[in-house]
There are 2 protein chains.
Amino acid sequence: MEFDTPIATVDVALFALLDGGLGLLLPRRDKPPYEGVRALPGGFVRVNEDDDTADTARRVARDKLGMDVSYLEQLYTFSGRARDPRGWSIAVAYLGLVPAAHLHGPVLHDLVPVDRLPPLPFDHAAIAAKAVRRLRDKSTYSSLPGFLLPGEFTLQELRTLYERITGEALDPANFRRQVVDAQRLVEATGRRRTGPAHRPAELYRLAAPGRLLLRDGPGPARPADDA
Amino acid sequence: MEFDTPIATVDVALFALLDGGLGLLLPRRDKPPYEGVRALPGGFVRVNEDDDTADTARRVARDKLGMDVSYLEQLYTFSGRARDPRGWSIAVAYLGLVPAAHLHGPVLHDLVPVDRLPPLPFDHAAIAAKAVRRLRDKSTYSSLPGFLLPGEFTLQELRTLYERITGEALDPANFRRQVVDAQRLVEATGRRRTGPAHRPAELYRLAAPGRLLLRDGPGPARPADDA
DNA sequence: TTAATAGTGTCTGTAAGACAATATATC
DNA sequence: GATATATTGTCTTACAGACACTATTAA
């Protein structure tokens, strides 16, 4: 019976900002199959070590990043006979976000712009596509992109980020009202970013982690999508 | 290594209408653990038989219902050391809908009103709660509830159903415009339901299966949430 | 003082919801 | 014709988006 159980793995789509655009972490695999090929970080579930698959995802991400992700949510579960050459497999996929400012050295070379993804092994192209779409969709009605920025940021930085992710321009005035006044997604820190030759901008941080809504999404306002 | 692989199961939350309200299928388990206790239908993934976990879900649903579900989507994946007494387990949960009119005899006795659920084994209470919430949420902006009705229905039947599921009253005039004119979720069959002592209602059917949006939900209009 | 961006005020179009009015079947 | 629901018309209001205007800093 043990013999007939599917392989259980976890794959993580980790995003960070790369030159202002969205980057996906695709390190080269250090083991077969597909050794040396760029792929989503992943690994087997370790039943003696992990409490659940979210735990596996955090472990995998920490191993690759050298730090904890600032946001993690379950994306979708991919399964089937053909997706992994090792046999019938179940891959629970997660979506994670990290502020690029917190990353160091070699990891940065594994960040690939999401609109220039190389061919990927397994069904990682489908997983990556679903992750990008989820992130884009949620960006239109939540403060999710905030997790890609460091702790403090100006509204311009946040707005530009939304624009880069969703691909549509936003009016600075209306953006401010939505994010600060109407939805209270971010709150002023009281400090300001000074330097350039013009009026300095107030610095903001993400408000209570539970607040994610920007526009009205589906159903009542809830924290993340997680169980 | 085989020894250390988690158990892989699929659980299905199957909904059908019960006295106009929402009913969840909870048959009694015919095997240990929890033999004789009401629980979500579920089963092991059969690697020789199922192409993927959606296939497993369809097989499990068909076994219990004696028919195919009219709608199925992946809900969430539950995992961990403690949720199943048999050991570390991964349960891919699915949400399914069936028109009650298509159900026969004994199955109907396993339908339980969702607001009167008994205590459930494993973490099935959490799965059921998430399924109900997903269905309620999607009902506010999609034609999902249509899959709970038979092939043809009046707008009143559909509207009443939305009201029962979401718990809020809807204006018949505005509902019609949304569903028929604006979103084209349903289309007239040309036939009418006659009988009661008043103007007969036109009969409608769900429009192209891909159309699911009612109000603007998150992101662009897409078919179901599935991969 | 100027340049450049931060931030505020105000208008307009769209669409959801409230509600009145009309249509059409059976009895 | 009476009745009850189907269906259409019209108005109001909330709100997102467009855009003009004012504020404030460094050079």
Side-chain angles (χ1 to χ4, degrees), chain A residues 20 137 139-143 149 152-164 166-205 213-221, chain B residues 20 137 139-143 149 152-164 166-205 213-221:
Chain A
D137 285 357
S139 295
T140 66
Y141 66 91
S142 82
S143 61
L149 293 175
E152 295 190 334
F153 45 83
T154 67
L155 285 185
Q156 177 178 219
E157 289 163 350
L158 185 63
R159 176 172 49 82
T160 307
L161 175 55
Y162 272 88
E163 292 175 336
R164 298 292 278 268
T166 65
E168 48 189 312
L170 295 170
D171 181 290
N174 298 331
F175 182 78
R176 152 180 296 274
R177 270 185 289 257
Q178 274 298 320
V179 163
V180 182
D181 301 335
Q183 298 285 352
R184 309 276 176 85
L185 293 182
V186 299
E187 53 194 21
T189 62
R191 308 201 301 175
R192 297 186 301 173
R193 171 149 307 166
T194 187
H198 56 74
R199 177 174 176 176
E202 193 106 21
L203 285 170
Y204 290 82
R205 71 171 83 87
L213 273 201
L214 176 58
R215 286 209 303 267
D216 254 3
Chain B
D137 284 356
S139 295
T140 66
Y141 65 94
S142 83
S143 63
L149 293 175
E152 294 190 336
F153 46 82
T154 66
L155 286 185
Q156 178 178 219
E157 288 163 352
L158 185 63
R159 177 172 49 81
T160 307
L161 175 54
Y162 272 87
E163 292 175 337
R164 298 291 279 267
T166 65
E168 49 189 312
L170 295 171
D171 181 289
N174 299 330
F175 182 77
R176 152 180 298 275
R177 269 185 289 257
Q178 274 298 321
V179 163
V180 182
D181 302 335
Q183 297 285 352
R184 308 275 177 87
L185 294 181
V186 298
E187 53 195 20
T189 62
R191 307 200 302 173
R192 297 187 300 173
R193 171 149 306 167
T194 187
H198 56 75
R199 177 173 175 176
E202 193 106 20
L203 284 171
Y204 290 81
R205 72 171 84 86
L213 272 202
L214 176 57
R215 285 208 304 265
D216 255 3

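Fair warning: this is a prediction, and the values are worked out from it, not measured in the lab. In the text below, chain A, chain B and the rest are named by the order of the sequence lines, each starting its count at 1. The figures that follow rest on heavy atoms only: side chains count, while hydrogens, waters and symmetry mates do not.
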Return the nearest nucleotide to the side chain of [X]; candidates are [options].
X: B/Gln178; options: C/dA16, D/dT8, C/dG9; value: C/dA16
X: A/Asn174; options: D/dG17, C/dC19, D/dA6; value: D/dG17
X: B/Ala173; options: C/dT8, C/dA25, D/dG9; value: D/dG9
X: B/Thr194; options: C/dG17, C/dA25, C/dG7; value: C/dA25

Point to revise | Expected output: side-chain A/Gln178 to main-chain A/Phe175 donor-acceptor under 3.5 Å | key: no
Review point. Is there a donor-acceptor pair under 3.5 Å between the side chain of A/Thr189 and the backbone N or O of A/Leu203?
Key: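 Judged by distance alone, yes, a pair lies under 3.5 Å.
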Nearest-angstrom distance from the residue atom [atom1] of [X] to [atom2] of [N]:
X: B/Phe175; N: D/dT8; atom1: CZ; atom2: P; answer: 15 Å
X: A/Arg193; N: D/dA26; atom1: CZ; atom2: P; answer: 15 Å
X: A/Leu203; N: C/dG7; atom1: CG; atom2: C1'; answer: 15 Å
X: A/Glu202; N: C/dT8; atom1: CD; atom2: C1'; answer: 15 Å
X: A/Glu168; N: D/dA18; atom1: CD; atom2: P; answer: 10 Å

Rounded distance [0.5 Å steps], [atom1] in [X] versus [atom2] in [Y]:
X: B/Glu152; Y: B/Arg191; atom1: CD; atom2: CZ; value: 4.0 Å
X: A/Ser139; Y: A/Glu168; atom1: OG; atom2: CD; value: 10.5 Å
X: B/Arg205; Y: B/Leu149; atom1: CZ; atom2: CG; value: 14.5 Å
X: B/Asn174; Y: B/Arg177; atom1: CG; atom2: CZ; value: 5.0 Å
X: B/Arg164; Y: B/Arg159; atom1: CZ; atom2: CZ; value: 12.5 Å
X: B/Leu170; Y: B/Leu161; atom1: CG; atom2: CG; value: 10.5 Å

Exercise for review: For DNA chain D, find the residues of residues 152-160 of chain A with a heavy-atom distance under 4.0 Å and give them by number; none if there aren't any.
Suggested key: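 Close to the strand, none.
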Side chain of [X], base of [N]: donor and acceptor closer than 3.5 Å?
X: B/Arg199; N: C/dA25; answer: no
X: B/Arg177; N: D/dG9; answer: yes
X: A/Asp171; N: D/dA16; answer: no

Practice item. Indicate whether OP1 or OP2 belonging to D/dA6 is found under 4.0 Å from a side-chain N or O atom of B/Arg176. Key: no
Check your understanding: Is a salt bridge present between A/Arg193 and A/Glu202, judged by a nitrogen-to-oxygen distance below 4.0 Å?
Key -> no
**Study point:** Minimum heavy-atom distance between B/Pro200 and B/Thr194, given as atom pair plus value
**Key:**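 What the structure gives for the nearest pair is CB-CA, 4.1 Å.
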Practice item. Answer with base, sugar-phosphate or nothing: what part of the nucleic acid does B/Arg192 contact at a heavy-atom distance below 4.0 Å? Key: sugar-phosphate
Point to revise | DNA chain D: 5'-proximal contact among A/Leu170 and A/His198 (nearest heavy atom) | key: A/Leu170
Check your understanding: When the C1' atoms of the five terminal pairs at each end define the local axes, what inter-axis angle does the helix from C/dT1-D/dA27 to C/dC27-D/dG1 show, to 10 degrees?
Key ->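 End-to-end axis angle for the helix from C/dT1-D/dA27 to C/dC27-D/dG1: 0°, rounded to 10°.
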